[in-house]
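For ligands, and for the atoms within them, numbers begin at 1 and follow the listed sequence.
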Amino acid sequence: MEEIKITRATALKEKPDPSKLVFGKAMTDHMFIVDYDEDQGWHDPRIIPYGPLAIDPAAKVLHYAEEIFEGLKAYRTESGSIQLFRPDCNIERMNQSAQRLCLPQIPQELALAGITELVKLEQDWVPSAKDTSLYIRPFMIGLDAALGVHASHHVQYIVVVCPVGAYYPEGLDPVKIYVEDQDVRAVKGGTGMAKTGGNYAASLRASDLAEKSGYSQVLWLDGVHRKYIEEVGSMNVMFKIAGKILTPDLNGSVLDGITRRSCIQLLKDWGYAVEERRISAEELFQAAEDGTLEEAWGTGTAAVVSPIGELAMGSKKVIVSGNQIGEITQKLYDELTGIQWGRIADPHGWIVPIC
Ligand SMILES: *Cc1c(COP(=O)(O)O)cnc(C)c1O
């Protein structure tokens, strides 16, 4: 691999107050960039001062959403060291997204070096207060400057990082969820299994409307039958029904979440039956009516797990777990955050130490 060239910022920014961090706002002093050109492959990996990108106004990413991204975190342990959680899974997934969007494959070693070298350089930015971390946002954009609809030959992979606070400063708070019956996020054959900006653009209207009606997220139904549950907001979703754990299967329009995968592994370790299958909204509301819907929660890197306290569909409303965090939801949160911040053992080899 080509050596990463580092150009340091001449003036460093003031670090934000760790108790007042707003998600994704306080970007650090540097960023990682590597170029791809079809005839050269990946070249010129570099860390440069954080700042605006110069992009041709005709660049494909700006018109046709030729973009993919990832999200992971660097955690500071009690001893002061810094570590990542399953970064290999993020890079693998980025390459799967790249394949769907006709973007080039990036070698695992290069993509990971971009992350680890930037985190090392910005290590003073990794906060140490409880539940805080450094959020890492790798992304890839198609930059050919031409308005024809074709895959780009010139591409960049960029990594930016920012300190983020505790997702729940007051403890795990159950959220109210609305079952979306108008808009869909993704359909089979579309880009639902890719982590790409277009899926998020398509989701904005429904989440805006839900928020205006007092709900914090929407529960997405499948785009074909409008019947089966797919995800909650930008998280995967799990339910405990009559003692069993249920989660939608990876049907092509559901994103293969790393938190989802890790939760399934932990639940199996603990002896729970985990079913990955189609779950209709009707089945879910029926279980709630029968009193067998015991817990519901979302899973994702940002929040880890997010308990669901209320579900609404049309005029129907159900309260889950008495609007309290459920036992399994709490246990998953404690176990995963324990592993991520190095407070408990990591039997699956998920942790990658950085410095
Ligand atoms: C990123 C993402 C998730 C969660 O994935 P993690 O790897 O657990 O962070 C779930 N759904 C969507 C749509 C996502 O973009």
Next on the checklist: I need the nearest protein heavy-atom contact for atom 13 (C) of ligand 1: residue, atom name and distance, please.
Outcome noted: Arg185 NH1, 3.2 Å

Checklist entry - Tell me, which protein residue and heavy-atom name are nearest atom 8 (O) of ligand 1, and how many Å apart are they? => result Thr259 OG1, 2.6 Å

Checklist entry - Got a donor-acceptor contact below 3.5 angstrom from the Asn236 side chain to the Leu255 backbone? => result yes

Item to check | Distance from atom 9 (O) of ligand 1 to nearest protein heavy atom, with residue and atom | outcome: Thr301 OG1, 2.6 Å

Next on the checklist: I need the contact type for Met235 against ligand 1. Using non-hydrogen atoms and a strict under-4.0 Å cut-off, is it side chain, backbone, both or neither?
Outcome noted: backbone

Next on the checklist: Counting non-hydrogen protein atoms only, what is the nearest one to atom 15 (O) of ligand 1? Give residue, atom name and distance.
Outcome noted: Tyr200 OH, 2.5 Å

Checklist entry - Between Asp35 and Trp42, is any pair of side-chain heavy atoms under 4.5 Å apart? => result no

Next on the checklist: For the residue pair Lys176 and Tyr215, would you count it as a cation-pi contact if the rule is NZ or CZ under 6.0 angstrom from the ring centre and within 45 degrees of the ring axis?
Outcome noted: yes

Item to check | Atom indices of ligand 1, in the order listed, that fall short of 4.0 Å to a heavy atom of Ile258 | outcome: 6 (P), 7 (O), 8 (O)

Next on the checklist: Run Glu70 and Lys195 through salt bridge (Lys or Arg N to Asp or Glu O under 4.0 Å) and show every step you take.
Outcome noted: CA-CA 7 Å; Glu70 274 303 323; Lys195 215 168 168 73; 5.6 Å; no

Item to check | Nearest neighbour in protein (non-hydrogen) for atom 1 (C) of ligand 1 | outcome: Lys195 NZ, 1.3 Å

Checklist outcome for this item: To the nearest 0.5 Å, atom OG1 of Thr28 lies from atom CD of Gln123 at 12.5 Å

Checklist entry - Any side-chain heavy-atom pair from Tyr333 and Trp297 closer than 4.5 angstrom? => result no

Item to check | Nearest-neighbour protein heavy atom for atom 11 (N) of ligand 1, which is reported as residue plus atom name and distance | outcome: Glu231 OE1, 2.5 Å

Checklist entry - Does the pair Arg226/Asp181 count as a salt bridge with the N-to-O cut at 4.0 Å? => result no

Checklist entry - What do you reckon, does Phe69 have a nitrogen or oxygen under 3.5 Å from a nitrogen or oxygen of ligand 1? => result no

Next on the checklist: Evaluate Phe69 against Tyr200 for ring-ring contact (aromatic ring centres under 6.0 Å, His included), listing each step before the verdict.
Outcome noted: CA-CA 11 Å; Phe69 68 96; Tyr200 279 73; 5.4 Å; yes

Item to check | Close approach of Ser234 to ligand 1, heavy atoms, under 4.0 angstrom | outcome: yes

Item to check | Numbered atoms and elements of ligand 1 in range of Arg93, under 4.0 angstrom, heavy atoms | outcome: 5 (O), 6 (P), 7 (O)

Item to check | Verdict with reasoning, Lys244 to Tyr272, per side-chain contact (heavy atoms from CB on, under 4.5 Å) | outcome: CA-CA 7 Å; Lys244 264 193 308 209; Tyr272 284 97; over 6 Å; no

Item to check | Which of the ligand 1 atoms, numbered from 1, are nearer than 4.0 Å to a heavy atom of Gly257 | outcome: 5 (O), 6 (P), 7 (O), 8 (O)

Checklist entry - What part of Leu255, side chain from CB on, backbone N/CA/C/O, both or neither, has a heavy atom under 4.0 Å from ligand 1? => result side chain

